[in-house]
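Scroll down for the structure; my scribbles are underneath it.
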Amino acid sequence: MGKVFDVQAARNDFPALTQRDAKGQPIVYLDNAATTQKPQKVLDALMDFYTRYNANVHRGYYEWGQRATEAYENTRKRLANLIGAADPQEIIFTRGATEACNALAEIIGQRYFQPDDEIILSELEHHANQIPWQMQQTKRGVRVKGWHVKEDGELDLSQLDSLLTAKTKLLTVTHVSNVIGTVPPLREIIRRAHANGTLVVIDAAQALAHLPINVQTLDCDFLVGSGHKMYGPMGSGFFYGKRALLETLPPYHGGGTMMETVTIDSFTPAAIPARFEAGTPPVADIIGLGAAIDYLQQFSWKSLMAHEDQVIAYAEKTLSQFPRVHVVGHPPQRTAVLSFVIDGIHPHDVASLVSDHHIALRAGYHCCQPLMHRLQYPGGVVRASFGLYNTCEEVDRLAQALEKVFTVFPL
Ligand code: PLP
């Protein structure tokens, strides 16, 4: 921690960003909410594992097996440190945030849900944090209740107390919206949920690369994360759970590692975290995630956030200067994501035309159909999402490309 953030130096850490188009210009990558680019350190960690000590974890007594296990377990410690968990054993590795949400829905559901119980889902949620809970409706007879978003992209806090009832077993909410960039007031939400005896799951997939998180200060019960959205490899993710809660939960996948003893017709589950990590995990990707955390932690959050806030504020101001462009939502705190629509041009056309200028944007529903319906964007929206390596000059290139798009689709 402590190194001052230097965006140009950071860009050099990412080999993919050194590529140039035919005119010698760098690619403008603004699809970081979908996945971030990977720094050389992460690529080196993957290569190092596969070329020097590729072995399975927790079972090999030979040197490579021990090194692999040590490196894999080191990521657990680094993650615990990154999110302020009291104990590394509270971190369970998965292959991504989607798998983490599915795992949590299943294990919490098995242990805690009874027919007619209620689950509160915010309308900001990504499908990955909606559908697994919805699936619990058919499996366990629980009822999902939606928590509305206001026009500015904020959750309506005044609704919360009436949504929480004696039947509300769980509330789940995102840390950063992947469409609007909204950061809900989590501490207050968690406080109110806990006062009602309701468990809280936080989806931090879009937050971990952009702001500091401390699960103990937040006091959330569970939190999920995605490695590939925080400069780590695809195929890496995790969930955190308070130890006392995790210890009450049953396994959801059966196989090697997750058991203590097995007879021909029964098994006893292993202690946490092994209980939830059946079979061969994505070892290289988890080790690569450790390298990504090291990479992130060399910067101070203060300087990194100041840089990202400056770029996103500049993007909002620049795009708002075009009368045809309408930015989606105006939350009091916006992190890393800016979505917009343009009068007279379908979002897919916008993304496809700016791609001719080597600018990577995303268009569509962004796995948030309920939010799109609530905010009345039936054709979806265009999304620019930022990482630590993006610059105001790249925003200018986006603006220039949009000016050309306007000439193709005059009003
Ligand atoms: N949650 C949010 C808020 C997301 O934006 C995404 C992916 O875009 C996910 C969950 C799913 O993450 P993963 O790709 O790791 O499964």
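Counting starts at 1 for both ligands and their atoms, in listed order.
A salt bridge (Lys or Arg N to Asp or Glu O under 4.0 Å) check over residues 218-227, counting only residues at least two apart or in different chains, returns the pairs Asp219-Lys242, Asp221-Lys242.
Thr280 meets the side-chain hydrogen bond (donor to acceptor under 3.5 Å, both in side chains) test with Asn56; sequence neighbours excluded. In this structure Tyr231 satisfies the side-chain hydrogen bond (donor to acceptor under 3.5 Å, both in side chains) test with no other residue, sequence neighbours excluded.
A distance below 6.0 Å separates the ring centres of Phe299 and Phe5.
Residues Leu170 and Phe222 form no side-chain contact, since every pair of their non-hydrogen atoms from C-beta on lies 4.5 Å or further apart.
Note: Phe409 CZ to Arg324 CZ = 9.0 Å, rounded to the nearest 0.5 Å.
For ligand 1, residues of the protein lying within 4.0 angstrom by heavy-atom distance are Ala33, Gly96, Ala97, Thr98, His126, Ala128, Asn178, Asp203, Ala205, Gln206, Ser226, His228, Lys229.
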